[in-house]
Amino acid sequence: MKKYIKIVLITLLSLVALLVIVGFGGWMYLKNSFLEFEEDYSQSIQVQQKTTDGYTYTDRNGNGTLDPYEDARKSIDERSSDLLAQMTIDEKIHLLKGSGIASAMGRVEPGTGIPGAVGTIVPTPRLGIPTTYLSDGPAGLRIAPKRPNEDRTYYCTAFPIATLLASTWNTDLVQEVGSAMGNEAVEYGIDVILGPGVNIHRHPLCGRNFEYYSEDPLLTGFMGAAMVNGIESHEVGTSVKHYVANNQETNRNNNNTIVSERALRELYLKGFEIVVKKSQPWTIMSSYNKVNGTYTSESPYLLTEVLRNDWGFEGLVMSDWFGGNDAVAQINAGNDLLEPGTKLQWDDLIEGYENGTLSEESINRSVKRILELIIKSGKLDGETFGNNPDLKAHAQTTRQSAAEGMVLLKNESTLPLASSKNIALFGVTSYDFIAGGTGSGDVNEAYTVSLEEGLTNAGFSINQQAKEIYEAHKAANPEAFVKPEGMNAMFQPYNPPQIPYTKEQIEQVSTGSDVAIITIGRNAGEGGDRVEKDDFLLTAVEQEMIKNITDTYHQANKKVVVVLNIGGVIETASWKNIPDAILLAWQGGQEGGNSVADILSGKVNPSGKLPMTFPINLNDHAANANFPLDGKPMGMFDMVAGKEVPENEQVANVDYTNYEEGIYVGYRHFDKAGIEVSYPFGFGMSYSSFSIDTLITKLKNDTIYASTRVTNTGDIAGKEVVQLYFSKVNSSIDRPVQELKEFAKTDILEPGESEELTFRIPVSELSYWNESSDEWSLENGVYEVRAGASSRDIKKISMVEL
Ligand code: BGC
């Protein structure tokens with residue numbers, strides 16, 4: 001017996017020892033490969049000011065003389081060339097990757113760095129080059145709001161999601177939002193904002209669609225460029241992402257997008273092309289996926305031939321976080337910076353240099369681009385920051401831009417509401433409004449104005465009985481109402497359960513209120529795609545809620561408004577006939593409730609237009625035949641350790657996705673196939689009405705000039721968007737029925753007032769990608785120029801002949 005106990009004890013102890021050794025080894029591996037491997041390079045940088053010939057500079061390398069790179073009067077090219085020449089090969093290789101996962105997790109030693117920033121360009125202490133900071137993202141800056149041992153907070157403004165901004169169709173306004181974001185970055189010491197996202201909404205269920213603008217590349221490109229110009233007006237960089245054809249979250253790190261060159265050029269690359277040509281962003285972020293078998297971050301074709309040679313991009317390309325597989329191939333392809341960087345990548349780069357697979361020329365090319373960015377950011381010129389953005393002013397910007405991007409989908413003599421009304425708010429998200437999506441596109445804002453607060457601020461009285469039902473429901477489901485924090489918040493969309501209202505409750509609430517507002521909420525984000533059941537489609541509880549509330553209110557001759565607080569498209573066709581009005585509020589940032597109240601009260605006349613189609617059925621989308629429909633979420637480790645599957649075991653829509661629909665995405669498909677939709681691309685109502693009185697077109701020197709006169713024919717002041725679609729008459733090739741080629745928005749027009757809008761379309765923009773000659777080709781002949789209030793509401797047509 002004793003012997004038996006001894007054996008068991010020895011076995012147990014050995015097991016424990018083994019676990020400790022494996023655990024310790026694992027930890028050391030993790031620490032040395034991902035967390036802390038910067039060693040000598042992490043020493044602090046001490047520099048002194050010097051004056052030579054009356055010019056004061058920072059003597060960064062401590063040699064007592066003014067080097068060209070220390071001289072802010074010299075050009076970026078001269079300064080970066082000088083720096084490059086002074087760097088050792090080790091220092092250069094070191095610069096090609098970030099400082100590791102600790103930086104990606106926003107971890108810094110107290111009092112150093114910027115907590116919550118997600119990446120760095122590493123310092124070079126010998127030359128006095130400090131760390132450069134990168135942080136997300138598309139709806140506002142994301143840094144940690146609190147710091148140890150400090151009372152003050154570092155909140156950022158949660159601006160509206162990109163999809164909402166695209167719905168404004170107002171590039172000036174989007175540029176203003178960008179400018180506010182850029183100011184926050186400067187104030188908080190961030191050098192590059194990781195956004196905007198300009199991927200195409202290929203399918204409504206992509207979990208990150210909220211970060212992207214549209215199903216149309218022109219609208220996407222115009223919005224992206226406006227955002228870049230706004231942010232970069234503050235001498236802060238952007239990283240336009242995710243380049244390219246990254247249209248699903250399922251297995252995003254390994255998924256192989258199989259796509260025709262034509263669809264790539266005309267749709268997926270096009271938005272990036274427009275951004276590059278209109279705004280020359282400081283950086284582009286390559287995506288995780290492969291395109292036609294090669295990781296985008298390892299593709300010389302995408303990163304060098306197309307991006308730089310064809311379009312003239314001058315900035316640097318960084319990888320998405322842990323993206324790609326082969327560090328040497330990445331640098332060789334033109335992916336200059338590996339983020340957030342690992343020790344393994346560093347070792348591979350050194351080995352590549354030593355064995356000749358990574359030439360010094362490739363290294364110099366990428367390092368030069370990185371140095372140019374560092375210099376542009378002002379890092380070498382003693383740039384300081386005040387940690388004091390004007391959050392109040394930015395709250396106004398977000399409130400105003402959100403209201404302008406909300407889309408009125410239906411209004412049967414219901415809106416705007418008279419302010420004396422007592423409003424019953426139904427639905428969890430009326431009280432717990434969603435400001436934006438989850439993942440890296442989330443922002444740490446100080447507050448979110450709910451619809452309840454917004455309406456109260458606007459002077460409405462809120463029905464207390466309806467509120468009590470919400471409070472009781474919340475109290476009965478305490479765990480479901482705990483908002484995930486920190487990293488969890490990034491990967492777990494907060495979706496508390498909907499309230500199953502009884503008919504009695506509805507009856508009671510209806511008696512004491514004048515109007516009902518039902519809010520339907522959806523929250524999705526990085527790491528998972530949405531699903532059809534209970535997400536694209538309304539849940540049974542939501543369907544009953546809309547039906548029962550409307551029945552009861554209509555019996556009492558009272559109106560019902562549905563507010564959609566969503567980040568992506570949902571099904572509307574089966575229930576849109578039931579309520580009296582529908583407002584697509586999107587996720588409007590931290591002032592969302594005030595913005596909705598501005599519209600419901602009539603303070604703002606809605607002028608948003610859909611940047612995508614709302615289909616009747618999900619399956620009406622051609623892309624539905626090839627999209628992961630089961631929404632399998634990504635695990636935490638898939639990000640760093642995703643694995644590739646041998647070809648014979650690959651699963652469609654997981655390991656590879658075949659973009660069989662080609663160029664027929666969004667309205668291009670619905671128009672071509674003659675499919676009825678619930679709400680067409682470009683649709684959106686106003687409290688007023690507008691006419692497009694004229695459309696004049698003229699061809700001069702390879703440019704088509706168009707002008708329209710728009711008149712407010714209603715009795716409320718408001719804005720209208722004119723969309724110009726081009727359609728080739730008697731085309732001899734397979735091409736979309738029509739494509740958006742320009743758009744413009746009026747100022748606020750008073751009743752009866754008119755405005756002339758002008759458009760300029762280079763003829764080359766009518767080209768299609770010719771797969772037989774591998775180039776853009778122009779079809780000669782007659783084109784219809786269609787001026788519309790939506791893609792399916794064309795008001796005037798004119799012809800041009802090329
Ligand atoms: C996302 C990027 C983001 C990066 C840093 C990645 O997971 O795909 O969009 O910028 O993380 O947070």
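Whatever order the structure lists ligands and atoms in, that order sets their numbers, starting from 1. Worth saying up front: this structure is predicted, and the values here are computed from it rather than measured.
Near S440, meaning under 4.0 Å from one of its heavy atoms, ligand 1 places the atoms 1 (C), 2 (C), 3 (C), 9 (O), 12 (O). Annotation for ligand 1: atoms under 4.0 Å from non-hydrogen atoms of L194 are 10 (O). Residue contact check: M285 has heavy atoms under 4.0 Å from atoms 10 (O) of ligand 1. Residue-ligand proximity, H242 to ligand 1, at heavy-atom distances under 4.0 Å covers atoms 2 (C), 8 (O), 9 (O). Under a 4.0 Å criterion applied to the non-hydrogen atoms of W321, ligand 1 contributes the atoms 4 (C), 5 (C), 11 (O). Annotation for ligand 1: atoms under 4.0 Å from non-hydrogen atoms of K241 are 2 (C), 3 (C), 9 (O), 10 (O). Contact atoms of ligand 1 toward Y288: 6 (C), 7 (O), 8 (O) (distance under 4.0 Å to a heavy atom of the residue).
What you find for S319 and Q330 is that their closest heavy atoms are CB-NE2, 4.2 Å.
Under the 3.5 Å distance criterion, with hydrogens and angles disregarded, a donor-acceptor pair is assigned to the side chains of Y288 and D320. A donor and an acceptor atom, one from each side chain of R202 and T257, are nowhere located under 3.5 Å apart. Remark: the S299 side chain and the T294 side chain contain no N/O donor-acceptor pair separated by less than 3.5 Å.
Both cation-pi conditions hold for R147 and Y154: the charged atom is under 6.0 angstrom from the six-membered ring centre and inside a 45 degree cone around its axis.
Using modelled atom types, one side-chain atom of S135 and one backbone atom of R142 make a donor-acceptor pair closer than 3.5 Å.
By the 30° and 60° cut-offs, the orientation of the rings of Y212 relative to H242 is perpendicular.
Of the listed options E526, E339, R142, E526 places a heavy atom closest to atom 1 (C) of ligand 1.
Distances from ligand 1 to the non-hydrogen atoms of E211 include no value under 4.0 Å. Residue contacts with ligand 1 leave out F322, since none of its heavy atoms falls under 4.0 Å from the ligand.
If you look at R208 next to ligand 1, the close heavy atoms, those under 4.0 Å, all belong to the side chain.
Screening residues 221-236 for salt bridge (Lys or Arg N to Asp or Glu O under 4.0 Å) gives no qualifying pairs among residues at least two apart or on separate chains.
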